[in-house]
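Working notes, structure below.
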Protein chains: 2
Amino acid sequence: MSLPHAILTALLEKPSSGLELTRRFDRSIGYFWSATHQQIYRELGRLETDGLIRALPAEQPSRGQKKSYEVLPAGRDELARWTAASQDPKPHRDPLLLRLRAAAVVGTAGLEADLRRHLQLHERQLAEYREIEERDFPPGRDGTGDRLRHLVLRAGIDLETFWTQWLRRALEDFPGPPEG
Amino acid sequence: MSLPHAILTALLEKPSSGLELTRRFDRSIGYFWSATHQQIYRELGRLETDGLIRALPAEQPSRGQKKSYEVLPAGRDELARWTAASQDPKPHRDPLLLRLRAAAVVGTAGLEADLRRHLQLHERQLAEYREIEERDFPPGRDGTGDRLRHLVLRAGIDLETFWTQWLRRALEDFPGPPEG
DNA sequence: TCACCTTGTGCAACTAGTTGCATAAACAGT
DNA sequence: ACTGTTTATGCAACTAGTTGCACAAGGTGA
């Protein structure tokens with residue numbers, strides 16, 4: 001149950017409409033908690049009903065009209081509560097590793113191309129993270145908030161680094177040596 | 001839609017009953033594709049209906065009686081097809097990173113203890129992986145299947161290594177420096 | 001022989017996330 | 001005026017995964 005809290009965090013950083021949130025989820029926040037606009041609108045409705053956020057007054061709050069939300073005190077409290085609460089790490093689910101395991105049984109035919117594609121995607125993501133780091137976190141200037149946000153970004157960078165290295169290694173000892 | 005393929009892989013490695021599968025999912029396969037026994041029984045039913053697996057004949061195929069399954073040719077074909085098919089990487093969802101991001105806004109109170117707990121859990125998992133590596137993949141002896149399975153295990157080891165390092169770094173520059 | 005524990009199988013309801021589509025206003029070109 | 005595109009909001013149905021519970025057989029000990 002993290003989506004509402006992801007939205008609360010985003011709204012605290014900056015009050016936004018559903019579409020603006022969607023765009024921010026496609027960038028920074030979505031890097032470790034993705035969501036579609038349908039999920040976001042549904043959740044905004046719930047959060048408003050529950051009194052954790054409220055719509056900012058607008059001229060014509062009808063369809064096809066921007067509707068911005070801000071976080072209420074109850075929402076901030078709930079986010080603080082959730083952040084401090086102990087949570088067990090959820091088990092991983094990785095289809096790519098599963099496919100490698102399956103390939104150990106039914107053969108590797110057709111897998112290599114997709115591994116190369118994944119490598120490219122991870123390289124691209126890594127480059128994007130590095131750009132963000134250069135732009136948003138130059139040396140010096142470190143508030144607590146900045147330090148934490150930088151830490152989160154470093155996790156992204158390190159994870160993508162892991163994947164690119166692992167995929168390169170996989171591709172190395174993968175199709176070259178003849179099947180045995 | 002990976003659970004059926006995880007089950008097919010497991011059954012090809014060794015025909016098993018629902019409970020045996022559940023136990024194997026708690027160990028090796030479940031490290032990157034976890035599943036509860038309820039999911040497994042439900043999926044076994046579907047796979048049997050679809051003609052991808054079949055129950056091995058037993059004396060008393062009733063309730064409270066072991067029922068083993070084996071993969072049929074159609075099941076092997078489906079697994080090979082799925083393994084070779086191109087798949088897009090699913091976006092990550094990581095509540096812990098999200099919590100750090102939230103903490104950048106609402107404060108870090110109460111977070112440190114849970115980070116330490118996560119660190120311990122990852123250290124334990126890493127130790128377990130290393131044991132498995134020592135036991136199952138001693139130097140030399142490398143069939144294609146072994147090589148791939150070792151590669152998958154290495155992914156697990158490297159990921160846990162990343163998490164332990166990242167959490168240690170987080171804890172370092174986290175509670176020590178006074179809030180500012 | 002009754003009470004309890006373990007092993008093994010399974011259903012039903014719920015929660016979270018995805019996919020597909022509908023609606024409406026504003027604007028741009030023709 | 002009409003056609004199409006972009007911006008913006010939202011519902012409904014579906015899929016996958018989780019949680020809670022039930023049922024049955026066999027063994028153990030009191």
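Each chain gets a letter, A, B and so on, in the order its sequence line appears, and its residues count up from 1.
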Grab the CD1-C1' distance between A:Ile40 and D:dG10 for me, whole Å please.
13 Å
Respond yes when some side-chain nitrogen or oxygen of B:Gln38 is under 4.0 Å from OP1 or OP2 of C:dC11, and no when none is.
no
Counting side-chain heavy atoms from C-beta on, which of D:dT18, D:dG10, C:dG10 comes nearest to A:Tyr69?
D:dG10
Net bend of the helix from C:dT1-D:dA30 to C:dT30-D:dA1, end axes of five pairs each, nearest 10 degrees:
0°
If I compare all heavy atoms of A:Arg76 with all of A:Leu12, which pair ends up nearest, and what's the gap?
NH2-CD2, 3.7 Å
OH of B:Tyr41 versus P of D:dG20: gap in Å, rounded?
19 Å
What do you reckon, is CZ of B:Arg130 surrounded by more than 12 foreign heavy atoms closer than 6.0 Å?
no
On DNA chain D, more 5' by nearest nucleotide between B:His37 and B:Arg46 is B:Arg46
From CG of A:Leu19 across to C1' of C:dT23 the rounded distance in Å is 15 Å
Side chains of A:Ser28 and B:Arg101 only: does a donor on one sit below 3.5 Å from an acceptor on the other?
yes
If you compare every side-chain N and O of A:Arg42 against the phosphate oxygens of C:dG17 (OP1, OP2), does one of them come in below 4.0 Å?
no
Could you check whether any side-chain heavy atom of A:Leu119 comes within less than 4.5 Å of a side-chain heavy atom of A:Thr164, counting everything from C-beta outward?
yes
Separation of D:dA13 P from A:Gln39 CD (nearest whole Å)
18 Å
Rounded to whole Å, how long is the line connecting atom CG of B:Leu21 with atom C1' of C:dT7?
15 Å
Short side-chain donor-acceptor distance under 3.5 Å, A:Ser86 and B:Arg117:
yes
Give a yes/no on whether any side-chain N or O of A:Arg23 is located under 4.0 angstrom from OP1 or OP2 of D:dT6.
no
Which pair of heavy atoms, one from B:Ala35 and one from B:Leu3, lies closest together, and at what distance?
CB-CD1, 3.8 Å
Gap between atoms CZ and P, on B:Phe25 and D:dG17 respectively (whole Å):
11 Å
Under 3.5 Å, sequence neighbours excluded: what are the donor-acceptor pairs made by side chains of residues 78-85 of chain A?
{"from": "A:Glu78", "atom 1": "OE1", "to": "A:Arg81", "atom 2": "NE", "distance (Å)": "2.9"}
{"from": "A:Glu78", "atom 1": "OE2", "to": "A:His5", "atom 2": "NE2", "distance (Å)": "2.9"}
{"from": "A:Glu78", "atom 1": "OE2", "to": "A:Arg81", "atom 2": "NH2", "distance (Å)": "2.8"}
{"from": "A:Trp82", "atom 1": "NE1", "to": "A:Gln87", "atom 2": "OE1", "distance (Å)": "3.3"}
{"from": "A:Thr83", "atom 1": "OG1", "to": "A:Leu79", "atom 2": "O", "distance (Å)": "2.7"}

What integer distance in Å separates A:Glu43:CD from C:dT18:P?
13 Å
Remember a base hit wins even if backbone is also touched, and classify A:Ser17 as base, sugar-phosphate or nothing at under 4.0 Å, heavy atoms.
sugar-phosphate
Is the shortest side-chain N/O distance from A:Arg93 to OP1 or OP2 of C:dG17 below 4.0 Å?
no
Counting just side-chain N and O atoms, does A:Lys90 come under 4.0 Å of either OP1 or OP2 of D:dT18?
no
